[in-house]
Amino acid sequence: MIPLMARKYIYRYLIIALALPLIARILILAGVAIEKRTGTPNVASNVLKKTGSFAQRRAEKSSGKHHGG
């Protein structure tokens with residue numbers, strides 16, 4: 001029973017530690033790419049960059065890199 005419960009937490013940790021920072025980085029890069037293509041910031045690029053920044057902050061906070069403030 002304990003190994004099954006531990007597995008669930010290991011998967012959650014792996015998602016937070018590995019997948020969330022990658023997804024955040026991809027979202028930010030997509031927003032920057034849209035801005036480069038159009039020449040100016042627009043709604044889509046702003047949403048992508050803000051979502052990526054939020055995901056990046058959540059990943060840092062979950063991994064213990066958050067310094068408060």
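This one's a predicted model, so the numbers in the text were calculated from it and none came from an experiment.
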Residues in side-chain contact (heavy atoms from CB on, under 4.5 Å) contact with Glu35, at least two apart in sequence or another chain: Pro41, Ser45, Asn46, Lys49
To the nearest 0.5 Å, how far apart are CG in Leu20 and CD in Gln56? 9.0 Å
Do Ile28 and Leu48 have side chains that approach each other closer than 4.5 Å (heavy atoms only, starting at C-beta)? no
Shortest non-hydrogen pair, Ala44 vs Ile34, comes out as CB-CD1, 4.4 Å
Can you tell if the side chain of Phe54 reaches within under 4.5 Å of the side chain of Arg58, non-hydrogen atoms only? yes
Report the distance from atom CD1 of Ile15 to atom CD1 of Ile23, rounding to the nearest 0.5 Å. 9.0 Å
